[in-house]
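Presented below is the structure to which this report refers.
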Protein chains: 2
Amino acid sequence: MSDVAKLANVSTATVSRVLRKPETVKKATQEKVFYAIQQLDYQPNMLARHFRTNKTKSIMVVVPSLTNLVFAAMIDGIDEVATAAGYQVIFGNTKQNTGKAREYVAHLKQKQVDGIILMTVRLEQEAWAEIANRYPIVLASDALVGLKVPTVSTTNIEGAYEAVCHLIQLGHKKIAHVAGLPEIAVSRERAKGYRLALEENGITFDPALYLEGEYSIEVGRKSMKKLMSQSPKPTAVFFGNDEMAIGGIKAAKELGMRVPEDVAVIGFDDIKFAEVMDPPLTTVAQPLHEMGKKAMEILLTLMNGQKTDQDVYTIKSEFKIRDSCGAYLKN
Amino acid sequence: MSDVAKLANVSTATVSRVLRKPETVKKATQEKVFYAIQQLDYQPNMLARHFRTNKTKSIMVVVPSLTNLVFAAMIDGIDEVATAAGYQVIFGNTKQNTGKAREYVAHLKQKQVDGIILMTVRLEQEAWAEIANRYPIVLASDALVGLKVPTVSTTNIEGAYEAVCHLIQLGHKKIAHVAGLPEIAVSRERAKGYRLALEENGITFDPALYLEGEYSIEVGRKSMKKLMSQSPKPTAVFFGNDEMAIGGIKAAKELGMRVPEDVAVIGFDDIKFAEVMDPPLTTVAQPLHEMGKKAMEILLTLMNGQKTDQDVYTIKSEFKIRDSCGAYLKN
DNA sequence: ACATAAAATGTAATCGTTTACTTTACATAT
DNA sequence: ATATGTAAAGTAAACGATTACATTTTATGT
C-alpha cells in the first residue's frame with residue numbers, strides 16, 4: 001500500500017480512503033491512486049484489514065451433512081444473500097456429531113466469522129440460547145422451542161397436517177408415519193402435525209404405525225418393510241422427508257406392492273428428484289431457497305447490531321399433490 | 001493475551017509459545033499459562049494470528065452449483081481431509097457464471113485463502129495455468145488438457161467406453177449420447193469414450209444421435225423426447241450424467257416407452273438416487289469422495305511449498321450394471 | 001483581498017500476535 | 001567455585017491496513 005501511496009504521491013491514509021470511503025477524496029486524487037493501484041497490480045491485504053477492523057466479512061453455516069439436497073438448497077439461498085452483501089460463506093460440517101457444532105462456536109469467539117447459521121441443533125438447547133445472546137446466530141430449519149433465538153422455519157406442523165388430512169380424505173384410515181429422529185425439532189413438528197390430523201378426524205393413534213429413524217433412503221426402505229411385515233398393514237405412509245419416501249416406494253416395489261394402489265405415499269421437502277420419481281412423489285414443499293435467504297437476511301441485521309423484531313420467521317410450505325398419494329387414481 | 005501473560009507472570013512471548021510451540025516451554029510454565037488461559041477464558045484472536053503469519057488456514061472450493069450431488073460428495077471428501085489438517089473450507093459459487101471463477105482468484109491474491117480447488121473450468125485455460133503457477137490450485141473433476149495444473153479426475157473416457165461397449169454387446173446398434181456442455185472437459189471426455197466405443201465396434205457415428213446440453217434433469221428429459229421424435233430412433237441412450245439419465249427415463253415413460261425394453265439407458269456418476277430409480281439406473285460410478293480427498297491432499301502438499309510429482313491423478317471409475325441398460329432382461 | 005468554514009490530505013497510533021534476537025537461569029564439566 | 005553450553009524466558013519490532021486527530025488546501029462570503 002505504501003508503494004501505491006508513493007507512486008501516487010499521497011499518503012497511505014489517502015489510498016485507504018480511496019478504497020474504503022471514496023466520497024471523502026477528490027476525484028483527481030482518486031484517479032491518481034487508481035492509476036497507481038493498477039500500475040502496481042496492488043491487492044489489499046485482507047488479513048490486515050480484517051485484523052484492523054476486527055471483522056471478517058464471513059459467516060459460517062453449520063450443517064449436519066453436505067450431501068443432503070435440503071441443506072444444499074438452503075445454503076444456495078444463504079449464499080445468494082451473503083454474496084450480495086459481500087460476505088463469504090464458510091462450512092461447518094457436523095457429520096451428525098453433536099459436540100462438533102459447539103466447537104464451531106469457537107470460531108465466532110476467535111473472530112474467525114462474524115456470524116453463524118445453524119441448520120441443526122441437538123441437545124444442550126439452553127447453551128445455544130446463551131451463545132445466541134452474545135453472538136449473531138440464526139437457526140434455519142430447525143428450531144429451539146421456547147428459547148429466544150432467531151429462527152427461520154417452515155410450517156412443519158401445518159404441512160404435515162395438510163398431507164395427512166389429504167390421505168384421510170382419500171379414505172385412508174390406517175396411516176403410518178415414519179418420523180425423523182426425535183432430537184430434531186423438525187421431526188417432532190411433523191409428527192405433531194400427523195397426530196393432530198388423526199385426532200381431529202377421530203382416528204386413534206396407533207404406536208405400531210409410528211416409526212422413527214434418520215432421514216435417509218435406507219431408513220425409509222427398512223421402515224416400509226417393517227410396516228408391511230406387521231398387521232394391520234397401513235394403507236398409506238407419510239414419511240418425514242422425501243429421501244425416506246423414495247426409499248419407502250422402492251421397498252414397496254421390492255415387496256411387489258403398487259404405489260399408490262396398494263399403499264399411498266407422501267413425503268416432505270420436495271427435493272428435485274421428487275417430481276421425477278415413479279410414481280411422482282406427493283410431498284410438502286419446503287421453500288428452502290427462501291428460507292436460506294431469509295436466514296441470511298436476519299443474520300445481516302443481527303451482525304449489524306440491530307435486534308430482530310420476531311424470534312420465529314415461518315415461511316409457508318406448499319402441499320404438492322402428485323401421483324404417489326393416489327389422488328389422481330381413477331377408481 | 002497480555003492479560004494472560006500478566007496473570008501467569010510471564011511475557012506474551014511465552015504465552016504465544018505455549019500455544020504454538022509448547023515443546024520450547026517448561027512444563028511448569030505451561031501449566032501456569034494454561035491455568036491463566038482457563039481463568040480468563042482467553043480466546044486467541046485468529047485475525048491477528050492470520051495477519052501476523054500471513055496464512056489463513058482456509059481453502060476455497062469453487063463450484064458451479066451447490067445443489068449438485070456430484071459436487072456435494074466431492075466437497076465432502078475435501079472437507080474430511082481439510083478438517084483433519086486444520087483447514088477451513090470456504091465456498092465459491094460460480095452459478096454457471098464464467099467470470100465469477102476468476103473473481104475468486106482475487107481471494108487468493110488478497111491472502112483470504114491459502115489455496116483453491118476448482119471444480120469447473122471454462123475458457124481462458126491458459127490464464128488458469130498461469131495462476132496455478134503462482135498459487136496453490138488443484139483441479140478436481142474437470143481438467144485442463146495439456147496444461148501443467150495438478151488435476152484429480154476419474155477415468156471418464158474409459159468409463160464411457162465401457163458403458164457404450166456394454167450396450168453394444170447387448171446388441172444395440174443405434175446408441176445415442178446426450179453429452180454435457182462441450183466447454184466442460186468432462187463432457188468432452190465422456191463423449192470421446194462414446195465415439196471410441198462406436199468406432200472400435202464398427203458403428204458409424206451418427207450426428208443425429210448426439211446431443212449436447214447442461215447436466216440437468218430437464219435437459220435429459222427434453223433430449224430423450226427429441227431423440228424419440230426423430231428416426232431412426234435410438235434403441236439405447238448413454239447420458240452424460242445421472243441427472244440427465246433420470247430425466248431421460250422420465251421422458252421415456254411419458255412417451256409410453258418402457259426402460260429398458262424399448263430403450264436402454266445408462267448414466268454417469270452414480271448419485272445416491274441412481275440405485276433407487278425405477279428401473280435402477282445402470283451407471284458409471286465416480287469415486288467422488290476419494291477424488292475430493294485426493295484433491296485436498298494434493299492441495300496440502302502444494303500449500304506446503306512442495307511440488308507434485310504428477311500433473312494428473314486419475315481415480316478409476318466403476319461400471320455398475322443395474323436394470324436400466326437391460327442386461328438383466330430375460331428374453 | 002481576507003476571514004472563515006469546509007473539504008481534502010497527512011501524521012502517526014493502533015489492532016494482537018509472532019518471532020528474531022537478547023538475556024537470564026540452570027545444568028554439567030573441570 | 002568457575003567456566004561453558006544449553007534451555008527457557010523476555011524484549012521489542014514487525015505485519016499492513018484503518019482512523020482519530022492535526023494540518024493544509026480549497027471554497028465561500030463579504
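We name chains A, B, ... by the order of the sequence lines, and we start the count at 1 in each one.
- Side-chain contact between A:Val186 and A:Thr120 is absent, with no heavy-atom pair separated by less than 4.5 Å.
- Comparing C:dG10, D:dG16, D:dA13 against the side chain of A:Ala13 picks out C:dG10 as the nearest.
- For the pair A:Lys6 NZ and C:dG10 P, the computed distance is 14 Å after rounding to whole Å.
- As a whole-Å value, the separation of B:Leu47 CG from D:dG16 C1' is 14 Å.
- The residue among B:Thr12 and A:Ala48 whose nearest nucleotide of DNA chain C lies closer to the 5′ end is A:Ala48.
- One can place CZ of B:Arg17 at 8 Å from P of D:dG10, the figure rounded to the nearest angstrom.
- The residues A:Asp311 and A:Lys148 are annotated as salt-bridged, a charged nitrogen and a carboxylate oxygen being separated by less than 4.0 angstrom.
- Within 4.0 Å (heavy atoms only), A:Asn9 reaches sugar-phosphate atoms of the nucleic acid but no base atom.
- Residue A:Arg49 places its side chain closer to D:dA17 than to any other of D:dA20, C:dT17, D:dA17.
- No side-chain heavy atom of B:Glu80 sits less than 4.5 Å from a side-chain heavy atom of B:Asp76.
- Taking side-chain N and O atoms only, A:Tyr42 has no distance below 4.0 Å to OP1 or OP2 of D:dG16.
- Atom pair B:Asn54:CG and D:dG16:P shows a separation of 7 Å (rounding to whole Å applied).
- Taking atom NZ on B:Lys21 and atom P on D:dA9, their separation rounds to 15 Å, with Å as the unit.
- Between B:Phe91 and A:Phe91, the ring planes lie perpendicular to each other; the angle is over 60°, past the 30° to 60° tilted range.
- Looking at which nucleotide of DNA chain D each of B:Val10 and A:Met1 is closest to, the 5′-most match is held by B:Val10.
- B:Arg20 comes within contact range of the sugar-phosphate backbone alone, with a heavy-atom separation under 4.0 Å but no base atom that close.
- Checking D:dT18, C:dG10, C:dT18 against every side-chain atom of B:Ser16, the shortest atom distance belongs to C:dT18.
- Ranking C:dG10, D:dG10, C:dA13 by closeness to the A:Arg52 side chain, first place goes to C:dA13.
- For the pair A:Met60 and A:Leu108, the minimum side-chain heavy-atom distance is 4.5 Å or more.
- Of the candidates C:dG10, C:dG16, C:dA12, the closest approach to any side-chain atom of A:Phe51 belongs to C:dG16.
- One atom, CG of A:Asp3, and another, P of D:dG16, lie 10 Å apart when rounded to the nearest Å.
- Per the geometry, NZ belonging to A:Lys111 stands 11 Å off C1' belonging to C:dC15, to the nearest Å.
- Listed pair B:Thr14 / D:dG10 meets the phosphate criterion, a side-chain N or O lying under 4.0 Å from OP1 or OP2.
- Computed from coordinates, the B:Leu19 CG to C:dT17 P distance equals 9 Å when rounded to whole Å.
- Taking each heavy atom of A:Lys316 and A:Thr154 in turn, the nearest pair found is C-OG1, 3.8 Å.
- Of the candidate nucleotides C:dT18, C:dG16, D:dG16, C:dT18 has the atom nearest to the side chain of B:Thr53.
- Only at 4.0 angstrom or more do the heavy atoms of residues 25-41 of chain A sit from any atom of DNA chain D, so none qualifies.
- At least one side-chain heavy atom of B:Lys109 sits less than 4.5 Å from a side-chain heavy atom of B:Tyr135.
- Using a 4.5 Å cut-off on side-chain heavy atoms (C-beta onward), B:Phe34 and B:Val18 make contact.
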